[in-house]
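Data first, discussion second: the structure below is written as structure tokens.
This one's a predicted model, so the numbers in the text were calculated from it and none came from an experiment.
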Amino acid sequence: MKVIHTIAALKSLLSPIKLAKQKIALVPTMGALHKGHVSLIKEAQQHTDLVVCSIFVNPTQFTDPKDLEKYPRPLEHDIQMLKDAGCNIVFMPPVKEMYPTQEDWHIDLGPAEFVLEGEFRKGHYQGVTQIVKKLFDAVSPDIALFGEKDFQQVLMIRHMVDHFKMSVELISCPIIREDDGLAMSSRNINLTAEDRQHSLVLSAALFYIRDNFQRESIATLLTNAKAMFNAVPGVELDYFTIANGETLQPASQKSQPNLVALVAAKVGQTRLIDNMLLF
Ligand code: AMP
């Protein structure tokens, strides 16, 4: 596995691969890798000849500087994990490489930018699409893989790709969970033992919704799911919604297509998100 730090080195490494008409996949990450990330690498290997994984903690997508500072960066562990997964290239640029100068970025991502995560983390998806565009330009991948764990992010990146009429194919992959249901996340490292217990309410509420979806009304499902949160100390709900998976607007009828339940909550000092497809 090659570890690359500059765009120029990455491009010269990839150029003969492209000339040989081999297919390239990109898996963008912020590191602190876990089995969720590895599942994306494994899926990428099914579709392409060469997998590039990027590790970059992107400052422009953080709204809270403390959150950026405390974001875990276990680099040696990450490199070992990528080697074990059979990744071909890891791209780990320093911040100056991706942002050599101060730049303004704003694109129209549609109204879904401003709800849910976009409401609680203002400007987050501008920062996400800004860095993903830079990574797509650096790698020119045939496919790029993202996790459904960040449901709204996948939607926003689809809008960005449409906006620039990019030819990359996006593949979204299912959420990988711990045995007890908690969605794997780099942020789980920050949970105390007590938080870790409390965090189970997120997946428990989503599984409740999925299991009772045919039986109950949307209003009843949401009332009962929110009551589950009220019963757990130290967990502060930001949102819990059943929404249309394209617009992210709250669903009023179960017969609507593409419904998804989405949740965000602060567990102790750690903010977690999760979701469940209902179609
Ligand atoms: P991150 O490093 O958190 O920015 O995540 C990098 C990629 O891994 C994103 O596309 C995430 O959606 C995806 N990802 C994170 N956690 C999981 C998970 N538990 N299951 C599947 N994909 C995930």
Exercise. Show the numbers, then the answer: is there a salt bridge (Lys or Arg N to Asp or Glu O under 4.0 Å) between Arg158 and Glu246?
Key: CA-CA 11 Å; Arg158 282 195 195 288; Glu246 289 295 322; over 6 Å; no
Self-check item: Met276/Phe213 under side chain to side chain contact (heavy atoms under 4.5 Å, CB included): CA gap, chis, key distance, verdict
Solution: CA-CA 11 Å; Met276 179 71 64; Phe213 192 64; over 6 Å; no
Practice problem: Could you go through the side chain to side chain contact (heavy atoms under 4.5 Å, CB included) check for Val90 and Lys2 one step at a time? | Solution: CA-CA 6 Å; Val90 53; Lys2 293 243 172 7; over 6 Å; no
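The neighbour count for Glu76 CD, taken as heavy atoms of other residues, nucleotides or ligands under 6.0 Å away, does not exceed 12. In this structure, Lys254 places its NZ atom where more than 12 heavy-atom neighbours from other residues, nucleotides or ligands lie under 6.0 Å away. The neighbour count for Lys35 NZ, taken as heavy atoms of other residues, nucleotides or ligands under 6.0 Å away, does not exceed 12.
Both Ile218 and Val263 belong to a common hydrophobic cluster when Ile, Leu, Val, Met, Phe, Trp and Tyr are linked at side-chain heavy-atom distances under 4.5 angstrom. Put simply, Met166 and Val128 are part of the same group of oily side chains (I, L, V, M, F, W, Y) that touch within less than 4.5 Å, one to the next. Met30 and Ile157 sit in two unconnected hydrophobic clusters of ILVMFWY residues. Membership requires side-chain heavy atoms under 4.5 Å apart, directly or through other members. Val3 and Val52 fall into different hydrophobic clusters, defined by Ile, Leu, Val, Met, Phe, Trp and Tyr side-chain heavy atoms under 4.5 Å apart, directly or through other members.
For residues 160-175, no pair satisfies side-chain hydrogen bond (donor to acceptor under 3.5 Å, both in side chains), with sequence neighbours left out. Residue pairs satisfying the side-chain hydrogen bond (donor to acceptor under 3.5 Å, both in side chains) criterion with at least one member in residues 79-91, sequence neighbours excluded, are listed as follows: Gln80-Asp84. Applying the side-chain hydrogen bond (donor to acceptor under 3.5 Å, both in side chains) test to every pair with at least one member in residues 57-66, sequence neighbours left out, gives these pairs: Asn58-Thr60, Asn58-Gln61, Asn58-Tyr99, Thr60-Tyr99, Thr60-Gln130. The side-chain hydrogen bond (donor to acceptor under 3.5 Å, both in side chains) contacts involving residues 6-33 comprise nothing, where partners must be two or more places apart or lie in separate chains. The stretch residues 47-93 participates, sequence neighbours left out, in these ring pair (Phe, Tyr, Trp, His ring centres under 6.0 Å) pairs: Phe62-Tyr71.
A donor-acceptor pair is defined here as one N or O able to donate and one able to accept, closer than 3.5 Å; such a pair exists between the side chain of Gln45 and the backbone of Gly86. A distance-only check finds a donor-acceptor pair linking the side chain of Thr129 to the backbone of Tyr125 [under 3.5 Å]. With Asp195 contributing its side chain and Thr192 its backbone, the two residues share a donor-acceptor pair below 3.5 Å. Side-chain N or O atoms of Asn244 include one that pairs as donor or acceptor with a backbone N or O of Thr247 at under 3.5 Å. Using a distance-only test at 3.5 Å, with no hydrogens or angles considered, no donor-acceptor pair links the side chain of Ser39 to the main chain of Ile176. Of the possible donor and acceptor atoms, none in the side chain of Asn190 sits under 3.5 Å from a partner among the backbone N and O of Thr270. The backbone N or O of Ile107 lies less than 3.5 Å from a partner atom in the side chain of Gln126, making a donor-acceptor pair. The backbone N or O of Val235 sits nowhere less than 3.5 Å from a side-chain atom of His198 that would complete a donor-acceptor pair.
Residues satisfying the side chain to side chain donor-acceptor pair (under 3.5 Å) test with Glu117, not counting sequence neighbours, are Tyr239, Arg271.
Between Leu155 and Gly245, the shortest heavy-atom contact is CD1-O, 3.6 Å. Across all their heavy atoms, Ala85 and Val38 have their closest contact at CB-CG1, 4.1 Å. Across all their heavy atoms, Ala264 and Ile273 have their closest contact at CB-CG2, 3.7 Å. The heavy-atom pair separating Asp67 from Arg187 by the smallest distance is OD1-NH1, 2.8 Å. Smallest separation of non-hydrogen atoms from Ser199 and Arg196: OG-O, 2.6 Å. When all heavy atoms are compared, the tightest approach of Ser54 to Leu135 is OG-CD1, 3.7 Å.
Taking a cutoff of 4.0 Å between a charged side-chain nitrogen and a carboxylate oxygen, Arg121 and Asp238 do not qualify as a salt bridge.
Judged purely by distance below 3.5 Å, without hydrogens or angles, the side chains of Arg215 and Asn212 pair a donor atom with an acceptor atom.
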